[in-house]
Engineer: 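Below: one structure in structure tokens.
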Amino acid sequence: MSFRGKRGKRGAAGQEKRKAASPVDRRFARTKSRRLARRLAKASAASKDTEATAPAKNVSNLQCDMTAAELAPPGSSDGSRDDDAEFQAFVDVASKISCEEDLEALLHHELHSVRQLAVDLKRSTVPETPTAGRLLFGASGAAPPPRAAGFTLRSTRLVMQPEFQPLLAPAFVSTNADRYTLNLNGGLPSWVHVSEVSSALKVQEATYKYEFDPSGNIMVPPHILRVPDVHNASVTEIFSFQKLASVFFWKGLRDFGKGGAASSFADYTSGSVSSLSDDAYFVVQRLLGVNPAAIKVLSDSARTLVNSGLTASGQPKLSSKDKLFMCDYSILKPFSERIMHGNGADGQYVPAPIVVLKYTEATSGAAAQFTPEAILYDQAGQYANAVRQADNSPQWEFGKMCARVADWNCHELGSHLTLCHLVSEVAMVAMYRTLPKTHPIFQLLLPHFYMTLPLNANARSQLVPEIIAEKLTAFTSEQCFQFIAAVYTGWDFEAHYVPTDLQTRGVADLPEKIYPFGKTAALVWDSVHTYVNNVVQHLETIDQSKPVLGDPCLQNFLQTLREGEAKLPGFPNVTTNEALVDALTMIIYTASHQHSAVNYFQEQFLSYCPQAPSVIAVPPVDIDTITNATLLKALPTPRTAKMSAAVFDMLSEKPEDDHQLEMFQLQDTPDNVQWKFLDAFLLQMQASLKKNLEDAQIPVAAMISKDCLAQSVLI
């Protein structure tokens, strides 16, 4: 029997859709939606049969005959209602509609609010605000329901644009004698109403609470205290059951006993094995591996440090004429300095090296290429000096081991977990606390937060403290979370916009075949940027007298990310639509391409432990005494390597088609049926993205576009 979690057809993808509605709506969906669908379909069929003999009804004069008594449940004398009775009343209203446009509108409306108190329904546009609409509920000569007198209902209601495209927008319903009237309040964009926002956001703020530290401050990075039931998913719903079982099998063996040290490199069998002394593959890991944004032009300060180390070891300095790049792991330095080593062979270490790569331009006889030039072992000082590239030298191979250990830790805890998973959660929680669910920007961002909260909660409660800390790395659990906080606070949101980041790191003009990440990042950024820009520009046309940035909800969202509760480092002061488009693009890009680039190739590049060790498994030693035997002894044990490989196998499982950025669809749930123009712009973006990635003809790009570019941080 095959057990499949989220990746399976009946996994958490279906769970998430079922949980997207409120508990009340889920109950209605289970017990009533099929009946409503059948009755609406029947009514639709009837209307089509009538079209041949009678002109189609105009939406503006459509009427339904419903009396007040029909809205009250049997036996009710005071007009009180329960949910089922109100829902049945709504079904009865819907079944009497004979206009196909209204069938669709009412179906959407039912999905969002089944508590509609409809007696007699007709629609008309409002001349003074032609981009908005009004619903009038008359009583057809009957008295209104007893509960209606003087009653104001604040909710999300159906709004018809003049072209009769249904939108759901926050508004309010008030009563006057026998008439229910829905209006959009003036002075705000047509998707915002203060009373609705206040009511909805109080509920959302109470649901999406931040976790605080013992001193009463919001934790860093800011994250949710408890995952709401609507998002929650167990680890078996998120991950493949078999792969999850494999992780805990090897974890159990390792915890029972680390097992003996390897007797030869042949004891490490996972992954694709190439020669450990292959410098070309070492470069490939830096450029095409799981941490491709680490490379940048060599800085003056780093050059000074490396030259100092080379001089101390009697080796020539770096040439000032060469075009040099680096991978600098200095962020590890303060944490490396605090590692408490165990006794004897039990000690472990994570160094903070600098890797220097030389770039040679293409010539008529040779292609452009990167080659390793030098490595400074450790900025924390546990390993002295630096080493120049030297084939098969144990000191050079140990330098590459230091680089690989540092990259493993910076990738897993930094560029992957912190700068993709946790940054996305910061934006997601801020969105839920500041934007009503009917807000178009909420709808724009929502698909790109799929599965984010349960994944991150699992990482904080299990992955970091139980799998990574003191097992795969030398850091304790506390040190891991301190490192995560340091990565987060030292990051800059705006500085990492893709065009800016590529230019700043000096890699924007590198050939696509050498550095494909730069090309695919730019292609995805441009496609998403156009998509977001189309959405923002369309919102400006809905109500030209109310600019998008005049929306107080949107301003609250942006302010929260800039300097409010979320405090996303480097988030800009958004004062123009262009700046808004950039910021929203960055949020979507981070959850999609950036996470995909650092996640889905882990099994490929990290499973073979000798080429991707997570820790130096011996205390610091004298560099001059290092031999090939030392290199073997410094690797994690084979059992630890097996556990690590099982983790990467689990995390690298590709997204299903319906969760790929090129193919996902907006789901018809209570939270995202209302802004239908998003569908058209999304399809344009997906078609453009697919074509651009295919036209690029880069092997890695083709792989990403085919099955490794997810819509969100979903594994």
Side-chain angles (χ1 to χ4, degrees), residues 272 279-298 324-329 331 353-359 368-372 400 403-421 423 487 491-492 495-526 528 586 589-607 611-612 648 651-652 654 661 693 696 698-710 713:
S272 59
D279 286 347
Y281 185 73
F282 177 77
V283 171
V284 166
Q285 287 181 300
R286 311 282 76 76
L287 297 172
L288 281 74
V290 295
N291 201 14
I295 187 171
K296 55 187 174 183
V297 170
L298 180 68
L324 301 177
F325 289 76
M326 69 174 180
C327 295
D328 181 9
Y329 303 100
I331 193 170
I354 298 175
V355 178
V356 180
L357 303 176
K358 177 182 176 180
Y359 178 64
Q369 65 173 341
F370 274 98
T371 53
K400 291 195 293 184
R404 284 163 163 159
V405 168
D407 195 76
W408 191 103
N409 284 267
C410 284
H411 163 261
E412 289 302 330
L413 296 173
S415 59
H416 182 193
L417 177 57
T418 305
L419 300 183
C420 290
H421 283 256
V423 164
V487 171
W491 191 60
D492 189 306
H496 283 80
Y497 291 175
V498 168
T500 303
D501 177 61
L502 294 178
Q503 289 292 338
T504 301
R505 292 192 290 115
V507 297
D509 298 325
L510 290 179
E512 300 167 3
K513 292 183 179 180
I514 288 182
Y515 191 58
F517 170 82
K519 181 65 174 181
T520 59
L523 289 176
V524 173
W525 175 274
D526 290 345
V528 173
M586 181 63 176
Y589 170 84
T590 299
S592 55
H593 182 273
Q594 185 63 28
H595 176 258
S596 296
V598 301
N599 180 74
Y600 291 108
F601 305 112
Q602 291 182 94
E603 182 183 16
Q604 176 181 343
F605 286 104
L606 301 181
S607 288
Q611 289 179 336
F648 298 136
L651 296 179
S652 299
K654 305 302 185 288
L661 187 62
L693 287 173
I698 306 171
V700 173
M703 185 186 302
I704 288 176
S705 67
K706 181 179 180 181
D707 59 1
C708 294
L709 182 53
V713 178

Engineer: Please list, chain by chain and in numerical order, all residues satisfying side-chain hydrogen bond (donor to acceptor under 3.5 Å, both in side chains) with Glu412, sequence neighbours excluded.
Structural biologist: none

Engineer: If you round to the nearest 0.5 Å, how far is CG of Asn409 from CD1 of Ile331?
Structural biologist: 11.5 Å

Engineer: Does some side-chain heavy atom of His496 sit less than 4.5 Å from a side-chain heavy atom of Gln594?
Structural biologist: no

Engineer: Atom CG in Leu357, atom OG1 in Thr371: separation rounded to 0.5 Å?
Structural biologist: 7.5 Å

Engineer: Please evaluate residues Lys400 and Asp279 with respect to the criterion salt bridge (Lys or Arg N to Asp or Glu O under 4.0 Å), reporting the C-alpha separation (whole Å), side-chain torsions for both, the decisive distance (0.1 Å), and the verdict.
Structural biologist: CA-CA 9 Å; Lys400 291 195 293 184; Asp279 286 347; 2.8 Å; yes

Engineer: Please examine the side chains of Phe605 and Gln611, heavy atoms only from C-beta on, and report whether any two atoms are closer than 4.5 Å.
Structural biologist: no

Engineer: Is a side-chain donor or acceptor of Asn599 paired with a backbone partner of Leu651 at a separation under 3.5 angstrom?
Structural biologist: yes

Engineer: Less than 6.0 Å separating the ring centroids of His411 and Tyr329?
Structural biologist: no

Engineer: What is the minimum heavy-atom distance between Ala403 and Val355, and which atoms define it?
Structural biologist: CB-CG2, 3.3 Å

Engineer: Between Gln503 (side chain) and Thr500 (backbone), is there a donor-acceptor pair under 3.5 Å?
Structural biologist: no

Engineer: Are any side-chain N or O atoms of Thr418 and backbone N or O atoms of Leu413, one a donor and one an acceptor, separated by less than 3.5 Å?
Structural biologist: yes

Engineer: What I want to find out is whether Asp407 reaches Arg286 closely enough, with some N-O distance under 4.0 Å, to be called a salt bridge.
Structural biologist: yes

Engineer: Write down the atom of Val283, the atom of Pro372, and the distance for their closest heavy-atom approach.
Structural biologist: CG2-CD, 3.5 Å

Engineer: Is Phe325 close to Val297 at the side-chain level, that is, under 4.5 Å between some pair of heavy atoms?
Structural biologist: yes

Engineer: Working to the nearest 0.5 angstrom, can you tell me the gap between Leu693 CG and Leu661 CG?
Structural biologist: 9.0 Å

Engineer: Is there a side-chain contact between Tyr281 and Gln285 (heavy atoms, below 4.5 Å)?
Structural biologist: yes

Engineer: Between Ala368 and Ile514, what is the shortest heavy-atom contact and its length?
Structural biologist: O-CD1, 3.1 Å

Engineer: Over 60° means perpendicular and under 30° means parallel, so tell me whether His421 and His595 are parallel, tilted or perpendicular.
Structural biologist: perpendicular

Engineer: For residues Ala293 and Tyr515, report the shortest heavy-atom separation together with the two atoms involved.
Structural biologist: CA-OH, 4.0 Å

Engineer: Any heavy-atom pair between the side chains of Gln604 and Phe648 that's under 4.5 Å?
Structural biologist: no

Engineer: Starting from the C-alpha separation in whole Å, work towards a yes-or-no answer on side chain to side chain contact (heavy atoms under 4.5 Å, CB included) for Phe517 and Val507.
Structural biologist: CA-CA 10 Å; Phe517 170 82; Val507 297; over 6 Å; no

Engineer: Ring centres of Trp525 and His593 under 6.0 Å apart?
Structural biologist: no

Engineer: Does the side chain of Leu510 come within less than 4.5 Å of Tyr359's, by heavy atoms?
Structural biologist: yes

Engineer: What distance do Tyr589 atom OH and Asp526 atom CG have between them, rounded to the nearest 0.5 Å?
Structural biologist: 11.0 Å

Engineer: Check Ser596 against Ala710 and note the closest heavy-atom contact, atom names and distance.
Structural biologist: OG-N, 3.0 Å

Engineer: What's the separation between atom SG in Cys327 and atom CG in Leu287, rounded to the nearest 0.5 Å?
Structural biologist: 7.5 Å

Engineer: Compare every heavy atom of Ala522 with every heavy atom of Leu502, then report the nearest pair and how far apart it is.
Structural biologist: CD1-CB, 4.5 Å

Engineer: Output yes when a side-chain donor or acceptor of Lys654 lies under 3.5 Å from a complementary backbone atom of Ser652, and no otherwise.
Structural biologist: yes

